[in-house]
Number of protein chains: 2
Amino acid sequence: MDDRTSVTQRAVERIKEMISSGEVGPGQRLPTERDLAARLDISRSSMREAIRSLTTLGVLEARHGAGVYVTALRPADLLETFSVLAEVSRGDTLLEVLQVRRMLEPAATALAAARATDADLVRIGALLDRIDGAPATAAETVTADLGFHQAIVASTGNATLAAVNQGLSSRTFNARVWAGHREAGFTDELREDHRRIHEALVARDPDAARAAATVHVMRVERWLAADLADRTEHPGA
Amino acid sequence: MDDRTSVTQRAVERIKEMISSGEVGPGQRLPTERDLAARLDISRSSMREAIRSLTTLGVLEARHGAGVYVTALRPADLLETFSVLAEVSRGDTLLEVLQVRRMLEPAATALAAARATDADLVRIGALLDRIDGAPATAAETVTADLGFHQAIVASTGNATLAAVNQGLSSRTFNARVWAGHREAGFTDELREDHRRIHEALVARDPDAARAAATVHVMRVERWLAADLADRTEHPGA
DNA sequence: GCCTCTTAGTGGTCAGACCACTTTGACACA
DNA sequence: TGTGTCAAAGTGGTCTGACCACTAAGAGGC
């Protein structure tokens, strides 16, 4: 009766049901591919594609030689695929992504100012030093920058927020921002933004944190807008 | 040298490269599965799994009998998988999701108040009537409610924001909210929230829109917190 | 010139085999 | 008794080749 959906798709739905019905819980192991295929009366190939699909979604995890397991189903697991957006996006979509970040990061930073533990602040401070210090490579600066923002959002205690924020950030874009600012001699402005955010967190001042985060995102946003306009006018190599 | 990654994973990376390098663009057709497999010197099965993975991510689209195509790569395409989070989440994670929405929706609604076209406002008003009117089924109310919020976010003109917001909403959760409020006789409060938001949009008053959206999300948030506490104390059928 | 229908080519599914890896427990040894 | 080794069973990963279901385009008739 339900011939519209493909065999594989039905298998996906069935496995989802097994999870939502509690037949298998987070971290638990599923029956073998061969068993599942036999149970639904489909070929192992089709079952494998269904499992591949759910693996991509972050719902399942296949361990070679050991079985297929349900992940912890935490936000970070399920939003890993989210990063594809930031990776693939270009031009105007990147501006849209930054606009979303301008809504989230200030609120998240303000929340972090109220909630961050002392240990959080120490860790964030250490990352700030790694950004400010003269690092060996540009890659290290990018890593520290990503870690800095990630640590702040994580210190809100909201794992979903952290996962969403991470999905809106991308290493390649971040590297492009630093390269662009370095070329123009504006890296000090970026460092100053970070310092201002950190100070607000240490002072446990949500309003100041919100303002500092807004300024930072808007700086990047304005830079990107200018960069995009520049590339449109002078399409170089 | 790179024997750590699986054959399928390599195929995924390779196809991603073909897209990011511009070898195939959005909407264009890829070579056949058989061709791609032969080109990378892997079996068709493995190539199919790679394609399945990218299909799940919203990067590719397979059309039976017609070929495999790159999607438009728009945010909505890539964030379709995002909804799995809202679907699977329960308990505390749902609270986290609402907390994120409390950061996004007020900002988005304020932006909509400034940017929405007259046509947008008409459409939003129509959806409001569908919520307020005496609908045949509860399902219709939920549909109209989802459409109402979606239309508002869409009228910001930011497709990424719309896609993210949609990913944070779920039909099942929304239905649960209405059912819970109906049971307690509080549906009027929900309707009043919506009316307040709509009025702020029509008045093109970003501040009022922000406040109205905040109130609305917080109402749902408080209801969920109470509901979760209630279920913990009285775990019924 | 238009419609119908065949047909080549595509993705979807199946079957069975073998490979790579993990886990476990029997076994020899200290 | 405890411990390390390693062989074997079972798992996911890959390959092959066949057939089915569907689409699109061209050949043919009208």
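Every chain is numbered from 1, with letters handed out A, B, ... down the list of sequences.
Ion pair A:E33/A:R48 flagged as a salt bridge, since at least one NZ, NE, NH1 or NH2 atom sits closer than 4.0 Å to an Asp/Glu carboxylate oxygen.
Distance from the side chain of A:S43 is smallest to C:dT13 among C:dT13, D:dC15, D:dT11. Looking at the side chain of B:E33, the nearest of the listed nucleotides C:dG12, C:dA15, D:dT14 is C:dG12. Checking D:dC15, D:dA24, D:dG12 against every side-chain atom of B:I42, the shortest atom distance belongs to D:dC15. Looking at the side chain of A:H64, the nearest of the listed nucleotides D:dT14, C:dT23, C:dA20 is C:dA20.
The distance between atom CG of B:L36 and atom P of C:dT10, rounded to the nearest whole Å, is 11 Å. Per the geometry, CZ belonging to A:R29 stands 13 Å off C1' belonging to C:dT24, to the nearest Å. Between B:L54 atom CG and C:dG11 atom P the separation is 14 Å, expressed in whole Å. In this entry the distance linking CD of B:Q9 with P of D:dT14 reads 10 Å, nearest Å. If you measure from atom CG of B:D35 to atom C1' of C:dA8, you get 15 Å, rounded to the nearest angstrom. Between B:R52 atom CZ and D:dG13 atom P the separation is 16 Å, expressed in whole Å. Atom CD in B:E61 sits roughly 14 Å away from atom C1' in D:dT23 (whole-Å rounding). Going from atom CD of B:E49 over to atom C1' of C:dG11 covers 15 Å, rounded to whole Å.
No hydrogens or angles considered: nothing links the side chains of A:D132 and A:H194 as a donor-acceptor pair under 3.5 Å. In this structure, a donor-acceptor pair under 3.5 Å is present between the side chains of A:S43 and A:S46. There is a side-chain donor-acceptor pair under 3.5 Å between A:R171 and A:T143. In the model, A:S170 has a side-chain atom that pairs as donor or acceptor with a side-chain atom of A:T172 under 3.5 Å.
Counting non-hydrogen atoms under 4.0 angstrom, A:R44 reaches a base of the nucleic acid. As judged by a 4.0 angstrom heavy-atom cut-off over every strand, A:S45 is placed among the base-contacting residues. No contact: B:I51 has no heavy atom under 4.0 Å from any strand.
Look at A:R63 and you won't find any side-chain N or O under 4.0 angstrom from OP1 or OP2 of D:dT11. A sub-4.0 Å separation between OP1 or OP2 of C:dT13 and a side-chain N or O of A:T8 is present. At the phosphate of C:dG12, neither OP1 nor OP2 sits under 4.0 Å from any side-chain N or O atom of A:S46.
The base of C:dG11 does not come close enough to the side chain of B:R48 for any donor and acceptor atom to sit less than 3.5 Å apart.
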